[in-house]
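In what follows, a single structure is set out as structure tokens and then discussed.
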Amino acid sequence: MTGDAVLILIVEDEPPIRRLLRTTLGAHDYRTVEAATGGEALTALRHHRPDLVLLDLGLPDMDGLGLIAKIRGSGPVPIVVLSSRGDEAAKVSALDLGADDYVTKPFGADELMARLRAALRHRLQQQGADRTFASDDLSVDLVRRLVKRGAEDVKLSPKEYDILEQLVIHAGKVLTHKHLLREVWRDDSVDPQYLRVYVRQLRQKIEADPSTPRHVLTEPGIGYRLV
Ligand code: CA
């Protein structure tokens with residue numbers, strides 16, 4: 001990213017939604033470039049080198065998931081997917097193929113902006129390899145492997161720590177069950193029920209009120225997100 005306004009590539013075949021996105025993003029000082037098909041998107045990606053791709057999964061010429069794989073193959077640009085309500089399977093596939101996040105249609109401007117900011121921040125974080133996380137009463141230092149709630153040290157089991165480490169590395173981003181099983185258990189065929197058990201234990205230790213978590217949020221049917 002340069003000092004100029006952030007450039008977002010909008011990939012969406014429906015003109016009214018494209019117009020809405022252009023207006024909303026423009027009002028928040030983002031620059032935009034548009035593509036109505038997967039083919040146009042790949043061309044725009046090469047010519048404009050956007051800072052982020054906002055991608056509708058239902059495109060006329062190409063499967064949206066296939067397009068994610070192609071974009072990912074070309075570089076690390078963040079991808080935020082626009083998906084339909086209830087299509088959890090497509091969201092999970094999109095995330096597993098390398099999309100950073102998703103926004104469900106119909107979306108509110110605030111939610112869209114929050115997702116875009118998180119995806120852009122996440123990318124910067126990865127470039128700078130930020131190894132600490134602090135929010136309210138929770139702080140995590142991945143270099144020293146220290147977790148604190150307020151002034152108190154939190155003792156985590158190795159699995160609990162490994163889960164938290166993944167969430168910190170990808171803070172703000174939703175991580176699929178498969179991602180966490182792959183990174184923590186080294187085996188994504190493990191029953192996600194194990195993950196639920198460990199996340200419950202983790203919340204007992206790091207959340208002020210584990211029944212209404214404020215740090216480790218559940219994305220139903222998809223995974224978890226650290227905020
Ligand atoms: Ca569409």
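Counting starts at 1 for both ligands and their atoms, following the listed order. Atom set for the values below is all heavy atoms of this structure, side chains included, hydrogens, waters and symmetry mates excluded.
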When you measure from the Ca ion (ligand 1) to the N, O or S atoms of Asp56, does any of those distances fall below 3.0 Å? yes
Assess Gly58: does it contribute an N, O or S atom lying under 3.0 Å from the Ca ion (ligand 1)? yes
The atom of Asp13 among N, O or S that is nearest the Ca ion (ligand 1) is OD1
Establish, from distance only, whether the side-chain atoms of Asp87 and Ser84 form a donor-acceptor pair under 3.5 Å. no
Hydrophobic cluster membership, Leu116 vs Leu55, 4.5 Å side-chain cutoff: no
If the threshold is 4.0 Å, N to carboxylate O, is there a salt bridge linking Arg31 and Asp51? no
Side-chain heavy atoms of His215 within contact of Asp137, under 4.5 Å: yes
